[in-house]
Amino acid sequence: MVLRVLGLIAGLTIGTYVAAAATSPSGNVSCEGEAGIPPDAWIQACTAAIQSAGKPTEQAIAFYNRARAYRAKQENTAAIADYSQAIKLLPNFAIAFQNRGVAYGAMGDPARAIADYSQAIKLEPGLAVAYNNRGMTYKARRQTALALADLSKAIELDPENPWAYNNRGDTHYLAGAWTQAIDDYSAALALEPGLSYALFARGAAKTYRGDRVSGRADIEAAVRLNPNVASEQAKDGVVPHT
């Protein structure tokens, strides 16, 4: 049950929502972060795009994409600075608020993360990833009711994303609501059968509900998919009942 806050950059974390980069009208493809570009080259391209941008919107998008490059290097302070510049230039830039929230969360500042997710939602009420991320931040703070409300909204907006169900399942799991957790993990697995975290957690939840044979079968199948899943889940307290 890794904290599966979702970001709008490819390969950010387990459970990341992948979305296209903001597209620069200047046509600087490298700054848009196409697959395979090294982060340092990406940063260099965006720096050039920032310097050559002719309009505030172009510059805002270049700052946004450079922030994504800094996030790829886990340089969160630099990423926050660039997201903030993008927001200064383009105050209605909902995705920049959302992604700055991810960076604040990575820096251990959940209050600022929640504030940014909330602003992203205010600007773009259909932004499922912001509901998911705010919900997961509430979950980490043990604000279960708020977490469940946000994660349910994320599912309503994006019902085909397995991580939304998995994350709500995690919230039910922490609350000891085993049946609800199992139902959500099963929904996640119906969408992505190889999701080892959901399979392991479903197995653990089953052992607490008393379904030990079925639970152990899920756990063993999850370990076959991902040999590290048990140790990774144990860090977050997901340990089968013995």
Side-chain angles (χ1 to χ4, degrees), residues 1-19 74 102 105-106 110 117 128-242:
M1 194 159 42
V2 183
L3 180 58
R4 297 179 181 96
V5 169
L6 313 180
L8 292 175
I9 73 169
L12 173 64
T13 60
I14 293 168
T16 297
Y17 275 35
V18 178
Q74 300 299 307
V102 174
Y117 298 141
V129 63
Y131 281 103
N132 177 88
N133 290 350
R134 191 174 69 177
M136 290 302 287
T137 308
Y138 284 138
K139 179 191 78 71
R141 290 159 66 100
R142 297 299 189 267
Q143 294 176 275
T144 302
L146 291 172
L148 289 174
D150 273 357
L151 292 166
S152 295
K153 185 64 176 181
I155 289 169
E156 176 189 329
L157 292 168
D158 189 7
E160 299 302 313
N161 193 296
W163 285 101
Y165 294 97
N166 179 83
N167 293 343
R168 192 174 68 179
D170 287 349
T171 308
H172 285 307
Y173 185 102
L174 289 178
W178 311 122
T179 297
Q180 293 93 323
I182 290 165
D183 288 345
D184 274 345
Y185 293 135
S186 295
L189 290 163
L191 292 165
E192 189 175 330
L195 192 55
S196 62
Y197 297 95
L199 190 56
F200 186 94
R202 186 177 73 175
K206 285 180 178 179
T207 66
Y208 283 100
R209 196 176 67 172
D211 305 334
R212 296 199 178 190
V213 173
S214 179
R216 286 294 171 183
D218 276 354
I219 290 165
E220 290 169 5
V223 171
R224 287 194 294 272
L225 288 168
N226 175 6
N228 298 319
V229 68
S231 59
E232 290 170 359
Q233 294 284 54
K235 293 176 183 176
D236 293 305
V238 182
V239 179
H241 183 61
T242 57

Contacts of type salt bridge (charged side-chain N to carboxylate O under 4.0 Å, His left out), residue Glu220, not counting sequence neighbours: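 If we apply the salt bridge (charged side-chain N to carboxylate O under 4.0 Å, His left out) test to Glu220, skipping adjacent residues, there are no hits.
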Residue list, salt bridge (charged side-chain N to carboxylate O under 4.0 Å, His left out) with Arg209, at least two apart or on another chain: Asp211
Partner set under side-chain contact (heavy atoms from CB on, under 4.5 Å) for Ala187, not counting sequence neighbours: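 If we apply the side-chain contact (heavy atoms from CB on, under 4.5 Å) test to Ala187, skipping adjacent residues, the hits are Tyr165.
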Side chain to side chain donor-acceptor pair (under 3.5 Å) assessment of Asp184 paired with Asn166: CA-CA 6 Å; Asp184 274 345; Asn166 179 83; over 6 Å; no
Qualifying salt bridge (charged side-chain N to carboxylate O under 4.0 Å, His left out) pairs, either residue in residues 141-157, two or more places apart: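 Matches after skipping sequence neighbours: Arg134-Asp150, Lys153-Glu156.
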Residue pairs involving residues 189-203 (criterion salt bridge (charged side-chain N to carboxylate O under 4.0 Å, His left out); sequence neighbours excluded):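 Listed once each, the pairs are Arg202-Asp218.
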Test item: side-chain donor near acceptor, Ser214 and Lys206, under 3.5 Å: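 Short answer, yes.
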For the backbone of [Y] and the side chain of [X], can you confirm whether one donor and one acceptor N or O come within less than 3.5 Å of each other?
X      : Y      : value
Tyr185 : Asp170 : yes
Asn132 : Ala128 : no
Thr207 : Ala204 : yes

Selection residues 216-242 - residue pairs positive for ring-ring contact (aromatic ring centres under 6.0 Å, His included), sequence neighbours left out: Tyr208-His241
Side chains of Pro240 and Phe200 in contact at under 4.5 Å (non-hydrogen atoms): yes
OH-OH distance between Tyr131 and Tyr117, expressed to the nearest 0.5 angstrom: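 So the gap between those two atoms works out to 14.5 Å.
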Test log, rule side chain to side chain donor-acceptor pair (under 3.5 Å), inputs Glu232 and Tyr197: CA-CA 9 Å; Glu232 290 170 359; Tyr197 297 95; 2.5 Å; yes
